[in-house]
Structure formats: C-alpha cells, structure tokens
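Encoded as structure tokens, the structure appears first; notes follow it.
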Amino acid sequence: MPVLDLSPQLNDNLWPAKAFAGEVVPFRATAFREGHDAIGVMLHLTAPNGRESRHPMRLTVPGTDRYEAFARLDLPGAYTYRVRAYSDDYATWVHNAAIKIPAGIDVELTFLIGSTLLAAAAKDLGRPVPERRLFAAAGKTLANRKLPLETRFAVVSDPALAAAAVLRPVSSLDTFSATRTVRVERTRAGVGSWYEFFPRSEGAVPLGDGRWQSGTFRTAADRLPAVAAMGFDVLYLPPIHPIGRAFRKGPNNTLDAGENDPGSPWAIGSADGGHDAINPELGTIDDFVFFLGAARAEGIEVAIDLALQASPDHPWVTQHPEWFTTLPDGTIAYAENPPKKYQDIYPINFDNDPDGIRAEVLRLVRYWIGVGVNIFRVDNPHTKPLDFWEWLIGEVNTEFPDVVFLAEAFTRPALLQGLAKVGFQQSYTYFTWRNTKEELEEFFEGLAHETADFLRPNLFVNTPDILSEYLQFGGPAAFKIRAALAATAAPTWGLYAGFELFESVARPGAEENIDNEKYEFRPRDFAKAEALGKSLSPFLALLNRIRADHPALRQLRNLDIHSSDDDSILVYSKYLAAEFTDDGRADALIIVANVDPHSVRETVVHLDVTRFGLPLGAHFEVEDLITGSVWTWSADNFVRLDAFTEPVHILRVKTPATTPDQKGLAE
C-alpha cells in the first residue's frame, strides 16, 4: 500500500526533524489502498534506548487519507519512526457483518469468515494470553449455530474486541514506510524564559568626573535573585571579552568616543586578549566562574554571546590577517549594513583559510563549555556560511549534546529557516514586527504548524537593537500585551533589561533606545521603580508562574487560532491532553488579547471548543489567571478588554458544566 508524505521530516530527509524532551509531536502520513476494504495505519516509534512503541493513527478528515498520531518524546537522543499501513481484516469484517447479518444476507458465511479471523488471531503468540482467550471465545461464539442469532451478532459490537484489535490489529498486507529520524534535545533547547542584561551596568557607579566605575561579575551577581524572582531561568550576557580601542564608538553610536566611553562589547579584542579572554573591567575568569555558580544557585543558566568578528585591536588581526577582507587600498573592510556602519568591527571572511577559522572557533566553543557555559547566543549567524554552522553545531553537539545555540537571525525567511534546519536549536524571529491581529494570527499559525519540525522560536519582546514603534508609542499597555503574547504563544521567550521599566524613548530616526546601553553604562534602580508601582516586574513574574503551572504553555505545536468580531481582539488556545501531562489532567488555556494598546474593546469571541478537548455545545467555566475572575463560557462569548487596565485574558478552562442549558451562568 502507498505510505506517503511522512511528517515530521525535512527537505528530502537532508536533516533530521527536531523536538525537545517532553514535546508532544504530531506524526502524520497519507495511506490508502485499492477497493473498499478498511485499512489501518500504525506509528512504530523507537526511542533512543531501543524501546519500540506502537501508536494507532486516526484519520484526520474523511476522504483525505491523511492519518495522525501524537506522541510525547521524553528522552534526548535520536528517535526513529516508521508508519505501517495494513489491510484491517477485522474492521472490514465488522463493517460487512453489521450490514449483512441484519439484512439476512450470507449470514452463516459472514459468521464463518469472522470466526476464522478470530481463531487465527487467537493462535498469534505475539498477543497477550488474555487477549488470545478473548479472541478464541468470540470465534467460538460466532461459529456456534446453536446460540441465538442475537448472541452471535453481539460479537460485532463487542468493545473489548474492538479495543484489542486497535493496538494489535487482525491484519494482512502489512506495508512499512521508510524510516525517519527525529532528533530530541534537552528540554532547555525548546523551553525557557530568557533575560538579558549588561553585567557592566549592574553595579556601575559614576565617579563625578566623567569616569565610571564599571560593574563586575561580582556586582552583577547581586541582580541574580531579582531575575530569578521574576521567573527567568536563562540569563543572556552580551560579549564579556576585552573591547577594542581603535574606532571605538561613543554614545548613541557616534564616532567621537571619549577617553572614558566603554565602547561596544561586540567590538571584541584588545591587548588584553580576544574571544577566550575576559574584559578586565568585569573581573577575572575566576569572577566569571563565581557568577556562573551564583546563577546556578538561583536556578538560572547563563548564555554568552558568540560573536565571530573582531575589533581592529584583536590579536587575530596581526596573527591571522588572512581571516579578514583586505580592500584594494590595503585597508581591512569593516562591518557595514548600509546605512549602518560599524567601523569598530572587522567581519571574518570565511572564504579565506576556512580550515583555520573552523579550528579556532571550535577551540573557543570548547573552551567556554569547559568553563561552564552550555548556551550560546550567536550574533548575526546569517552573515556566515550555512555549511560552517552545520559543521560547527554538528561537531559540538556530537561531543556535548546539551549545548544550545540561539540564532540572532533577523533575516530573510529562507535563510532564517535554513539556519534552523542545519542545527540551531533556537532562533529569534520577526515577532517584534508582528503587531496587528492579522499579522499575529498568520505569524503564530506558521510557527506552530508550518515550521515547528525544525524551527524553535525565541520570542524576545525587545533587544538592545530593537525598540519597536509599537513599544515607543503604545505606553505601558503595549509592554503588557507584548509580554503576555510572547510568554503564552511559544515555550521560549525573553526580554532585555529595561523592558520592565517601560523604557520607550528611541534615538531620533532609529528603532533603538536613546542613550543605548551598547555604548554606555546604564545602571537602573529596579527596586525603586517596583516600590513606586512603576515596574512591570510583578506582571512578568506572574506570567512565568503561569507558564510553570501550565504544561500546555510549554508546548509549541498546540496553538490554535480562534476568531472574534473585532479586528483588534486576538484569540488563541493552548491545549495538552491528559495522556501527555505528568499529573494526568488535561490542561487548556484560552488567550484573548486586545492588541490595540490605545483602546477599550467590546466584542464577541468565537471558539472551536473541540480544539481544547470539549464537545460541541459544551458550557464550561473559565478562570482569568491574571485577575482571578471566573465566568461560564460556551462557543460564543462577550468580552471587554481595557488596554489601560488589563488588556489580556489568560483563561484556564475548568470542569465543563453538566448541561448546555445550565442556569445561573456567571456574568
């Protein structure tokens, strides 16, 4: 039988599909046969430990011949799967018997066919003994002409027989698909709440004469308990290496840096060393190891930046000038993305001495892994060859399978997706520029159902380079909306420090903060803002608590879009069936967001309740996890969302009401 269009799999099986430990993955295939006899389709899944499990696949939509089954992949490593199609002889017989016997057509012949099938199944030594006895007894009942017709016919609808014939079918003409692989990585590769800060700003002190005393890893460690209290479990640090002096940038990316300006951390390298050195203003390698330990004690992993570029002062420039591009006038080309210019940075030319560059980068990554780093945020990976990343990530993950690479890839879709296919565990996305209901529906649908086999989005709400117009002009409501969407739509999200303080003033003509922290110290009084009620920190902590409490939010592929009558009210649900949760209870949430931060909206939302495990016509209670309010809902519900108070509902679906016409509905 044809078994076609397997999923998950990538282009011509060039790379394995991806999942993370604990992810519920849909497996799909198209299968059919000639004629009218029933077929069955079974997923055969082999875990990294060699254990095989079987999962009956159901027809998704009648007439499509498209089948699916869901499986939770819990073990890191390579899973393999095949799909088996077969002639379901027992189901075919049940279908025919249910028609023929009541009509008096070929009654004894039909009973004979059924008894013969069941007798053969009873002799199958691959079945459990109780099941073999069940089949044998049913076969004898069908064959016994002394029994009343009704007794014999009851076998056709016996639920015990039907259940037994699902997992171990009475079948023939078994046909297996090709074998495909799903690479499962540790949970952190797909689930996490990220926070970014510049360690030099944490504890920085102005000295009054234009000079600053830089924050260090020791002073930055004092910020870790507050980061953990907000529920963030990954802390990303911009480059921690020495910063070059040549062409150092001043405030707001100016070319006239003063003696006391700290420069951009991405201008890596000076007389103090390169990518394997620590900026002495931040401390020593021992101070960094202390910082890593302090973070671990708070339940936080530290990610560092892997920025493959150099300042003009980097040791590479003199030791390996062939690694850069020399222009006809003898100068080395600096980085630029017109109209942006980065005179303080030399990009690496990967076409020059690729073997030498590869060896050096692998050495660097191994070095920092040895120090205690297992997560790397990669700067501008789309400006380096794709085959380089395929090689590097493959080499590193073969030796260190727990290492995670996040691609800072704000680039064309094909290139962004290509980076994910060749190995990047996570990727930045276009989320910061998707703000309307229509844009977000299309964007979320694509992430959950079109690219989830290989691309894991990390929904950062802002970065040092990106302060979107939505945040610039949307007020505090915009910050709340974006955080709630990022935290609920994907299992991995993040933000850059200052977001919780509603920092929204941009450099004129740019999409980044004025007085950008990339070029100067930016100490912040987070505690004072929170004491004055001018901080989003409590809301961020609430979002991360909700994520911790609800496993449905730690999945990507389970997002379903619903509808509303208002062009600014976005509605989606996240659902995880009881069979896939640790406590055996289904988890369903409905997110309703007013994405217009300047308005109060009243409308009706329309739900497909079957998408979160309820029957059509069901009434059910929902609890708003933000406010604590409880309502009784159905498929169509009135909502009022005030952007100036609470612009988002995060609704937990509680026990359904007993009848659709139940009285006493909550207001």
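Side-chain contact of Asn337 with Tyr342: a donor-acceptor pair under 3.5 Å is absent, judged by distance alone. No side-chain donor from either of Asn252 and Tyr519 sits under 3.5 Å from a side-chain acceptor of the other. No hydrogens or angles considered: a donor-acceptor pair under 3.5 Å links the side chains of Thr284 and Asp287. Side-chain N/O atoms of Asn435 and Arg482 include a donor and acceptor closer than 3.5 Å. Under 3.5 Å, the side chains of Glu511 and Trp433 contain a donor-acceptor pair of N or O atoms. At a cut-off of 3.5 Å, with distance as the only test, no side-chain donor of Asn349 or Trp323 sits close to an acceptor on the other residue. With 3.5 Å as the limit, one finds a donor-acceptor pair spanning the side chains of Glu390 and Trp15. Under the 3.5 Å distance criterion, with hydrogens and angles disregarded, a donor-acceptor pair is assigned to the side chains of Ser599 and Arg601. Asn352 and Glu322 share no donor-acceptor pair across their side chains, judged by distance under 3.5 Å alone. In the model, Thr254 has a side-chain atom that pairs as donor or acceptor with a side-chain atom of Asp256 under 3.5 Å. Judged by distance alone, the side chains of Asn544 and Ser193 do bring a donor and an acceptor atom under 3.5 Å apart.
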Original post:
Given Thr492 and Leu406, is the side chain to side chain contact (heavy atoms under 4.5 Å, CB included) satisfied, shown in steps?
Top reply: CA-CA 11 Å; Thr492 300; Leu406 164 63; over 6 Å; no

**OP:** For Ile546 and Ile650, run side chain to side chain contact (heavy atoms under 4.5 Å, CB included): C-alpha distance rounded to whole Å, both residues' side-chain angles, the deciding distance at 0.1 Å, then the answer.
**Re:** CA-CA 9 Å; Ile546 292 171; Ile650 302 178; 4.2 Å; yes

**OP:** Given side-chain hydrogen bond (donor to acceptor under 3.5 Å, both in side chains), test Glu360 with Trp316 step by step and report yes or no.
**Re:** CA-CA 10 Å; Glu360 172 67 353; Trp316 286 346; 3.2 Å; yes

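Cation-pi geometry between Lys421 and Phe454 is satisfied (NZ or CZ under 6.0 Å from the ring centre, within 45° of the ring normal). Geometrically, Lys534 does not engage Phe502 in a cation-pi contact, judged by NZ or CZ lying under 6.0 Å from the ring centre and within 45° of the ring axis. At least one test fails for Arg358 against the ring of Phe388: distance under 6.0 Å to the centre or angle within 45° of the axis.
Sorted by first then second residue, the ring pair (Phe, Tyr, Trp, His ring centres under 6.0 Å) pairs that include residues 245-267, not counting sequence neighbours, number zero.
Ring centroids of Phe410 and Tyr428 are separated by less than 6.0 Å, placing the two rings close together. The aromatic ring centres of Phe444 and Tyr572 sit less than 6.0 Å apart. In summary, the aromatic rings of Trp493 and Phe460 are positioned with their centroids too far apart to meet the 6.0 Å limit. Taking the six-membered ring where the residue is Trp, the centroids of Phe405 and Phe376 are separated by under 6.0 Å.
Interatomic distance, CZ of Arg245 versus CG of Asp272, reported as 10.5 Å (0.5 Å rounding). A distance of 7.5 Å separates CG of Leu364 from CG of Leu306, quoted to the nearest 0.5 Å. Expressed to the nearest 0.5 Å, how far CG of Asp261 lies from CZ of Phe521 amounts to 9.0 Å. Of the inter-residue distances, the one linking Glu301 atom CD with Arg296 atom CZ reads 9.5 Å to the nearest 0.5 angstrom. Here the straight-line distance linking atom CG of Asp402 with atom CD of Gln425 works out to 10.0 Å at 0.5 Å rounding. Residue Ile243 holds its CD1 atom at 5.0 Å from CG of Asn279, rounded to the nearest 0.5 Å.
Side-chain N or O atoms of Asn397 include one that pairs as donor or acceptor with a backbone N or O of Val403 at under 3.5 Å. Side-chain N or O atoms of Arg456 include none that pairs as donor or acceptor with a backbone N or O of Ala452 at under 3.5 Å.
Between Leu308 and Val361, the closest side-chain pair of non-hydrogen atoms falls below 4.5 Å.
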Please report, to 0.1 Å, the donor-acceptor pairs under 3.5 Å made by any side chain of residues 494-501, with sequence neighbours excluded.
from	atom 1	to	atom 2	distance (Å)
Tyr496	OH	Glu517	OE1	2.5
Tyr496	OH	Arg524	NH2	3.4
Glu500	OE1	Gly498	N	3.1
Glu500	OE2	Tyr195	OH	2.6
Glu500	OE2	Arg223	NH2	3.1

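Heavy-atom minimum distance, Leu556 versus Ala489: CD1-O, 4.3 Å. The two atoms that bring Ile481 and Asn594 nearest to each other are CD1-O, 3.0 Å, heavy atoms only. Between Pro265 and Lys518 the shortest heavy-atom distance is CD-O, 3.4 Å.
Under the salt bridge (Lys or Arg N to Asp or Glu O under 4.0 Å) criterion, Asp209 pairs with Arg211, not counting sequence neighbours.
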